[in-house]
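Presented below is the structure to which this report refers.
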Amino acid sequence: VLIDGEPQHAATLRAPLPARVVVPASGERLEIHYTSLNLTAPERARFKHRLEGHEADWTEAGDVRVARYLKLPAGEYRFHVKAANEDGVWSTAGDTLAVVVLPPFWRTWWFVTGSALVLLGAIVATVRYFSVQKLQRQLAVLRQQEALEKERARIARDIHDQLGASMTQLALLGEMVEADKHLPQEVEQHARQICQTARDTTRSLDEIVWTVNPANDTLEGLANYICKYAQDYLTVAGLRCRIEMPAALPAASISPEVRHNVFLAAKEAITNVVRHARATSAWVRLRIEPDRFTFEIADDGRGLAGMDRERMASRNGLRNMRRRMEDVGGSFDLDTAAEGGLRIALTAPTNHR
């Protein structure tokens, strides 16, 4: 037996005949040599053979004593050969040789099983990936809807609390003018109250519109609005207003919720300076960090005025500021300012574009 021209057993008289030959996956050519014992007329011997599992019929080989097979498919075969003498008498049993052709590694059971498992894992991973992506998109849509509903509820609440109360006050003042129309001094006082309420209503409406407008969802928009509000409010109250801002602001986006809460907290802090600090000057500073920003509102007033920080923080206004900043993932801090008064720091996160 030769595989690609290489003998597979010792070609000596004492060597046992092979009962089985294994053809590797790289084997291209199989040759099986055979003969018969015929001492009287060996040249008149005849042969026939068949590779069971590969050939259905016997091959009449005549006096040829070799069978050749090229590129046998992987599998198990049985080579069967018979001989006839010069009288044409065929051997009944003949002889057989088991032939095993090994498959290439990509057709072995372990490779096929491993490939199937890998393919199955890839299919499961792909299905899971797309399922997770779909769920994340659905979750993002739900979060967007939730944020929209929350924003709509906040706008409705602001309109009801601020504009509704102002409109009710204006209606009551109008009724009082009608009732006191024969008292010029009362009418004049009511008119002044109507003008002040109208200005407050206009300012509240401007704040609501500014909060809703998505064009203002930037750090620069928030900084400009807080500075403008502080300058206008402090100037009317007779306080010097000093603004300290970086020369250039980064292109950082801010969610409407962050913008709204930071402004209301800054507004409360500025209002406290006017009402309680007894100050002559106030400072509005902006400090920027890679992922957050801090507004500082400081004054040169009486500061803590003998009140410790725990008691100071328990007041409603300061408690509301702290809650607003914590609701948007920020922080609130108060301390003695370098100018001698109180310093309030409002810190919130940013999203860089």
Side-chain angles (χ1 to χ4, degrees), residues 1-10 16-34 49-59 66-81 94-153 214 217 251-258 290-292 326-330 348-353:
V1 179
L2 295 87
I3 297 177
D4 293 335
E6 294 294 331
Q8 301 301 302
H9 60 92
L17 294 176
R20 182 174 181 267
V21 63
V22 178
V23 181
S26 59
E28 295 284 338
R29 186 174 70 256
L30 172 65
E31 295 182 9
I32 303 176
H33 295 257
Y34 52 84
H49 57 76
R50 181 176 65 173
L51 186 61
E52 298 175 2
H54 180 67
E55 298 172 325
D57 299 324
W58 290 88
T59 299
V66 61
R68 294 182 176 88
Y69 299 96
L70 296 176
K71 296 183 179 180
L72 285 173
E76 295 185 1
Y77 307 95
R78 194 166 72 102
F79 179 76
H80 197 176
V81 61
D95 205 351
T96 60
L97 173 69
V99 177
V100 178
V101 180
L102 298 179
F105 76 92
W106 61 84
R107 294 184 58 185
T108 57
W109 67 268
W110 55 267
F111 183 84
V112 173
T113 303
S115 300
L117 292 177
V118 171
L119 180 60
L120 180 60
I123 293 175
V124 172
T126 302
V127 172
R128 184 179 183 278
Y129 172 78
F130 284 106
S131 298
V132 170
Q133 292 296 315
K134 181 179 180 180
L135 291 176
Q136 288 180 346
R137 288 193 296 269
Q138 293 176 347
L139 183 59
V141 172
L142 292 176
R143 286 177 176 173
Q144 185 176 8
Q145 292 177 350
E146 182 183 6
L148 180 60
E149 293 298 326
K150 188 176 181 180
E151 185 67 10
R152 291 175 61 185
D217 291 342
S253 61
I254 303 174
S255 67
E257 184 179 8
V258 171
D291 58 347
R292 59 187 57 243
E326 290 176 351
D327 287 346
V328 296
T350 57
N351 296 318
H352 287 275
R353 294 172 180 173

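Numbers here are sequence positions counted from 1.
Under the side-chain contact (heavy atoms from CB on, under 4.5 Å) criterion, Lys134 pairs with Arg137, Gln138, not counting sequence neighbours. Contacts of Asp327 classified as side-chain contact (heavy atoms from CB on, under 4.5 Å), with partners at least two apart in sequence or in another chain: Arg323. Residues meeting the side-chain contact (heavy atoms from CB on, under 4.5 Å) test with Gln136, sequence neighbours left out: Val132, Gln133. Looking at residues two or more places apart in sequence or on another chain, you find no salt bridge (Lys or Arg N to Asp or Glu O under 4.0 Å) involving Glu146. Taking Val127 as the reference, Ile123, Ser131 meet the side-chain contact (heavy atoms from CB on, under 4.5 Å) condition, with sequence neighbours excluded. In terms of the side-chain hydrogen bond (donor to acceptor under 3.5 Å, both in side chains) criterion, residue partners of His33 (sequence neighbours excluded) are, by chain and number, Glu31. For Arg78, the salt bridge (Lys or Arg N to Asp or Glu O under 4.0 Å) partners at least two apart in sequence or on another chain are Glu52.
Side chains of Val101 and Pro73 form no contact here, defined as non-hydrogen atoms less than 4.5 Å apart. Considering only heavy atoms from C-beta on, Leu51 comes within 4.5 Å of Tyr69 through its side chain. Residues Val1 and Leu97 meet the side-chain proximity criterion, which asks for heavy atoms closer than 4.5 Å. Looking at Ile32 and Val81, their side chains never come closer than 4.5 Å, going by heavy atoms from C-beta outward. Between Val258 and Thr350 the shortest side-chain heavy-atom distance does not fall below 4.5 Å. Considering only heavy atoms from C-beta on, Glu6 stays 4.5 Å or farther from Ile3 through its side chain.
Distance CG/Leu2 to CZ/Arg68: 9.5 Å, rounded to 0.5 Å. To the nearest 0.5 Å, atom NE2 of residue His54 and atom CZ of residue Phe79 are 11.5 Å apart. Rounded to the nearest 0.5 Å, atoms CZ (Arg50) and NE2 (His80) are 8.0 Å apart.
Counting only residues at least two apart or on different chains, the ring pair (Phe, Tyr, Trp, His ring centres under 6.0 Å) pairs with a member in residues 109-138 are Phe105-Phe111.
A donor-acceptor distance shorter than 3.5 angstrom exists from the side chain of Asp4 to the backbone of Glu28, with no hydrogens or angles considered.
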Does the pair Leu72 and Val23 meet the rule for a side-chain contact (heavy atoms from CB on, under 4.5 Å), with working shown?
CA-CA 9 Å; Leu72 285 173; Val23 181; 5.7 Å; no
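Considering every non-hydrogen atom in both Pro7 and Gly5, the closest pair reads CD-O, 3.7 Å. Contact record, Ala25 with Pro103: CB-O, 3.4 Å, taken as the closest heavy-atom pair.
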